[in-house]
Amino acid sequence: MSAQPDAYTEALHRALLHAHAWLASLPSRPIGPRVDADTLAALSAGPLPPSSCAAADVIDELAAFAEPGLMAMPSGRFFGWVIGGTLPAALAADWLVTAWDQNAGMRFATPAAAVLEEIAAGWLLDLLGLPPGADVGFTTGATMANFVGLAAGRQWVLDRAGWDLDRDGLAGSPRVRVFVGAERHDVIDLVLRYLGLGAPIVVDVDQQGRLRPASLAESLCAGSGPAIVCLQAGNLHSGASDPMGMAIDVAHRHGAWVHVDGAFGLWAAASPRFRDQVTGLDSADFWATDAHKTLNVPYDCGVSIVSRPEVVRKVFGVHTSYLMAADGTPGNLGPGDPFEKVPELSRRARGVPVWAALRSLGRVGTIALVDGLAANARNLADGLRLLPGVEVLNEVVFTQVCVSFGSDERTRRVTQQLITDGSAWMSGSRWHDRDILRISVSNWSTDAADVALSLAAVARACAVVDAGNLEVEDVRRAATPRHPDRVTHDRD
Ligand SMILES: *Cc1c(COP(=O)(O)O)cnc(C)c1O
């Protein structure tokens with residue numbers, strides 16, 4: 001027997017009330033959580049109670065328990081890592097997705113989910129200026145989107161080298177050389193570990209972390225055999241993108257598969273104002289991006305886009321192996337099943353909130369979203385430059401701002417004091433051998449008032465630090481972990 005419809009009513013109603021309370025608290029609550037994980041864990045100690053609990057009461061208990069341990073990530077004054085908020089239409093659509101509970105892997109079984117995702121996919125390709133025949137998959141995030149792309153690249157280059165990966169595995173295969181910029185995101189190395197491809201060959205970058213095409217050409221010439229070139233749209237620290245056109249040309253001249261990690265930076269392509277930073281992007285073979293960052297849909301939602309659908313479907317399709325055309329051009333495969341395009345067989349219809357976000361913004365609104373994030377980043381940088389002893393270290397070309405407050409020590413103290421202050425949240429990081437405060441503007445709701453309040457918070461933090469009010473012990477516990485041997489340590 002099916003559950004009675006009203007079995008859900010009270011629990012959903014309570015969830016709605018708690019969601020309203022949470023969202024209403026965002027403008028005024030301190031951004032950081034009030035308790036740490038260990039304190040919260042100690043409160044919860046105890047085995048699973050033997051008795052059941054009414055669904056609505058579970059929701060009340062859950063909300064009360066979680067409240068002090070929530071970080072106000074959806075706040076317009078949260079600038080940590082690279083973390084988007086949630087557009088109202090995307091949040092509400094996400095709830096519907098959960099209520100519908102579609103296992104969105106198969107087109108014939110869940111046509112509404114499949115077609116909404118296909119529509120969203122078409123809109124994305126159009127907005128980002130990517131080939132209309134590309135296949136789009138919805139993954140948990142950019143890490144898995146990168147996994148899809150590098151798995152496809154591995155397959156494609158080994159196929160072309162005459163190696164049967166499906167039958168013979170990697171052991172004994174020709175070595176696949178993977179070229180990456182010195183400032184790629186750490187998840188690229190992680191994905192290469194998943195794929196058994198070993199350590200990448202690191203290519204020189206310029207001051208803003210952009211890969212140098214001439215160095216790439218040199219590295220490619222220094223060896224031979226199957227090659228994958230991994231480019232980046234959107235450096236975590238500077239926001240700058242690799243010179244796509246030139247780098248892709250070099251890579252393709254050497255027969256390499258070209259992968260682009262554009263977790264947030266790919267969105268530069270959506271705006272006429274920023275598009276020229278990624279000119280030539282559309283000639284790559286694969287693009288990874290996130291919808292849960294720049295597009296502001298709820299977690300979790302990444303997007304994997306491949307110009308050669310047959311390659312990804314060969315890797316991830318379960319029922320068949322597709323024959324690739326000899327020249328590697330896509331055949332007419334039709335829309336395909338969602339499960340053929342991502343690692344998961346069963347999954348939620350996570351592309352539906354993407355549909356809702358894009359439908360609510362429209363083309364003009366999507367461009368305005370991207371432009372607005374970048375404008376807020378420029379405004380924050382401009383305001384910070386006016387503070388004594390502050391240096392903006394990057395060219396603020398997109399949504400990222402890196403700031404030094406003079407010495408590493410002062411920067412760490414200001415970062416810690418800012419987090420203690422609680423009215424804005426920015427991450428400590430390390431870039432080019434300096435401790436920095438890094439700002440990522442990724443939230444659709446950040447407005448001029450948020451920018452002004454955040455600048456005031458930084459000024460206040462500087463004043464407190466300079467007045468020597470910060471205890472030495474607090475500095476020791478500063479939220480700025482340091483790994484001097486690495487360029488980046490952030491996960492996002
Ligand atoms: C955030 C990010 C990733 C990882 O994406 P997830 O969505 O966290 O899996 C990869 N590359 C870049 C450049 C990123 O900014």
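Excluded from the calculations below are hydrogen atoms, water molecules and symmetry mates; all remaining heavy atoms, backbone and side chain alike, are included. Numbers for residues simply follow the sequence, beginning at 1. In each ligand, atom 1 is the first atom listed, and ligand 1 is the first ligand listed.
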Colleague: Classify the contact between Thr143 and ligand 1 as side chain, backbone, both or neither, using a heavy-atom distance cut-off of under 4.0 Å.
Modeller: both
Colleague: Quick one: look at Phe264 and ligand 1, take heavy-atom pairs under 4.0 Å, and tell me if it's side chain, backbone, both or neither.
Modeller: side chain
Colleague: Is Gln232 close to ligand 1, meaning an N/O of one under 3.5 Å from an N/O of the other?
Modeller: no
Colleague: Heavy-atom distances under 4.0 Å decide this one: backbone, side chain, both or neither, for His292 against ligand 1?
Modeller: side chain
Colleague: Under 4.0 Å from a heavy atom of Val187: which atoms of ligand 1 are those, numbered in the order shown and with their elements?
Modeller: 10 (C)
Colleague: Run the numbers for me: atoms of ligand 1, each under 4.0 Å from some heavy atom of Ala263, listed by number.
Modeller: 2 (C), 3 (C), 10 (C), 11 (N), 12 (C), 13 (C), 14 (C), 15 (O)
Colleague: Can we say Arg273 and Asp371 salt-bridge, meaning some charged N sits less than 4.0 Å from an Asp/Glu carboxylate O?
Modeller: no
Colleague: Anything under 30° is parallel, anything over 60° is perpendicular, the rest tilted; go ahead and classify Phe147 against Tyr194.
Modeller: perpendicular
Colleague: Under 6.0 Å between ring centres, would you say that holds for Phe398 and Phe274?
Modeller: yes
Colleague: Ion pair present between Arg434 and Asp408, side-chain N to carboxylate O less than 4.0 angstrom?
Modeller: no
Colleague: Using 4.0 Å as the upper bound for N to carboxylate O, is an ion pair formed by Asp206 and Arg212?
Modeller: no
Colleague: Between ligand 1 and Lys293, can you find any atom pair, the residue atom being a heavy atom, that is separated by under 4.0 Å?
Modeller: yes
Colleague: Using a 4.0 Å cutoff against the non-hydrogen atoms of Leu236, which atoms of ligand 1 qualify?
Modeller: 15 (O)
Colleague: For the residue pair Phe78 and Trp425, does the interplanar ring angle fall in the parallel (under 30°), tilted (30 to 60°) or perpendicular (over 60°) class?
Modeller: parallel
Colleague: Looking only at N/O atoms, are Ala142 and ligand 1 under 3.5 Å apart anywhere?
Modeller: yes
